[in-house]
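Worth knowing before you read on, the calculation uses all heavy atoms, side chains too, and leaves out hydrogens, waters and symmetry mates. Starting from 1, each residue takes its place in the sequence as its number.
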Amino acid sequence: RLLIKMRKHMRVIRCFHPVGHGAFFSEQFFDSEESCFNVVYDCGIKHFPMNRLQEEADFAIGKSGRQHVDFLFISHLDEDHVNGIEYLIKQKYVDDQTSFVLPLYKDYHLKIYEHFEGKSILSIFEVIGKTESKSIFYVPLTESEDDDRRGDDENDQSRINMEEGLPETSENKVEVNGLSGRVIPRGSVI
């Protein structure tokens, strides 16, 4: 019932934050004038001073009136996509109530990152682990799988209701570089 009401009256603000070489996107979902929840997609910067990213984070999360990130999506582990996450945690925008959604990497993927990018990128698992938040790993679609899905009816995809949670089974429970979480089915809609 609440879900139907929210769909009729929900207002969404999406923002691409100008952080130079990097990625930081946010969405605020409002029901009437109250913020329902905040979503952040990546949070990183490469060549500009870190304080530029911090100013954008304070602006993005502060403007909603509710200084908390409910979902933090990480597209991949490159420094310019994740190095601002520690700031979000330090400011308490991200805590144990935040759900992290990140790609499921195999050990050899992480070793490649470590070799070419440096160990600092892998420390993101430690940073996330300190929050005691929920971690959800998704298996990225390959390009051909994504092409095959175009035109599919949304009802054909797996739907995950985050309020009910994902049932925990031995098949969907996983640990990646010390960070435990659950794996959602490929192509799921949250």
Decide yes or no for [X] and [Y]: does some side-chain heavy atom of the first lie under 4.5 Å from some side-chain heavy atom of the second?
{"X": "Y105", "Y": "H76", "value": "yes"}
{"X": "I128", "Y": "S133", "value": "yes"}
{"X": "T98", "Y": "F71", "value": "no"}

Apply side chain to side chain contact (heavy atoms under 4.5 Å, CB included) to V82 and I74, showing your working.
CA-CA 7 Å; V82 300; I74 299 172; 3.7 Å; yes
First locate atom [atom1] of [X], then atom [atom2] of [Y], and finally report the distance between them rounded to the nearest 0.5 Å.
{"X": "H81", "Y": "I124", "atom1": "NE2", "atom2": "CD1", "answer": "12.5 Å"}
{"X": "N38", "Y": "F30", "atom1": "CG", "atom2": "CZ", "answer": "7.0 Å"}
{"X": "L77", "Y": "N83", "atom1": "CG", "atom2": "CG", "answer": "12.0 Å"}
{"X": "Q67", "Y": "Q91", "atom1": "CD", "atom2": "CD", "answer": "9.0 Å"}

List in chain and number order the residues that pass salt bridge (charged side-chain N to carboxylate O under 4.0 Å, His left out) with [X], two or more places apart in sequence or in another chain; answer none if no residue qualifies.
{"X": "E55", "answer": "R52"}
{"X": "D42", "answer": "none"}
{"X": "E86", "answer": "none"}

Taking side-chain contact (heavy atoms from CB on, under 4.5 Å) as the test, write out the residues that go with [X], two or more places apart.
{"X": "E126", "answer": "none"}
{"X": "N177", "answer": "L110, L122, F125"}
{"X": "V19", "answer": "H17, F24, I45, L53, E56"}
{"X": "K46", "answer": "H21, D80"}

Under the ring pair (Phe, Tyr, Trp, His ring centres under 6.0 Å) test, which residues partner F25, sequence neighbours left out?
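F16.
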Listed partners of Y41 passing ring pair (Phe, Tyr, Trp, His ring centres under 6.0 Å), at least two apart
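Scan of Y41 (ring pair (Phe, Tyr, Trp, His ring centres under 6.0 Å), adjacent residues dropped) gives F73.
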For S135, side-chain hydrogen bond (donor to acceptor under 3.5 Å, both in side chains) partners two or more places apart
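S135 satisfies side-chain hydrogen bond (donor to acceptor under 3.5 Å, both in side chains) with no residue once adjacent residues are dropped.
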Once side-chain hydrogen bond (donor to acceptor under 3.5 Å, both in side chains) is applied, do any residues pair with D58, and if so which ones, sequence neighbours excluded?
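Per chain and number, D58 pairs via side-chain hydrogen bond (donor to acceptor under 3.5 Å, both in side chains) with Y87, Y93.
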Checking Q28 side chain against A60 main chain: does a donor-acceptor pair fall under 3.5 Å?
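Side chain of Q28 to backbone of A60, a donor-acceptor pair under 3.5 Å: yes, one is there.
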Under a 3.5 Å threshold, yes or no: a donor from one side chain and an acceptor from the other, between H68 and D95?
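Yes - a donor-acceptor pair under 3.5 Å links their side chains.
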So, applying side-chain contact (heavy atoms from CB on, under 4.5 Å) with F100, which one of I136, V69, T131 is it?
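In the set I136, V69, T131, the residue that makes a side-chain contact (heavy atoms from CB on, under 4.5 Å) with F100 is T131.
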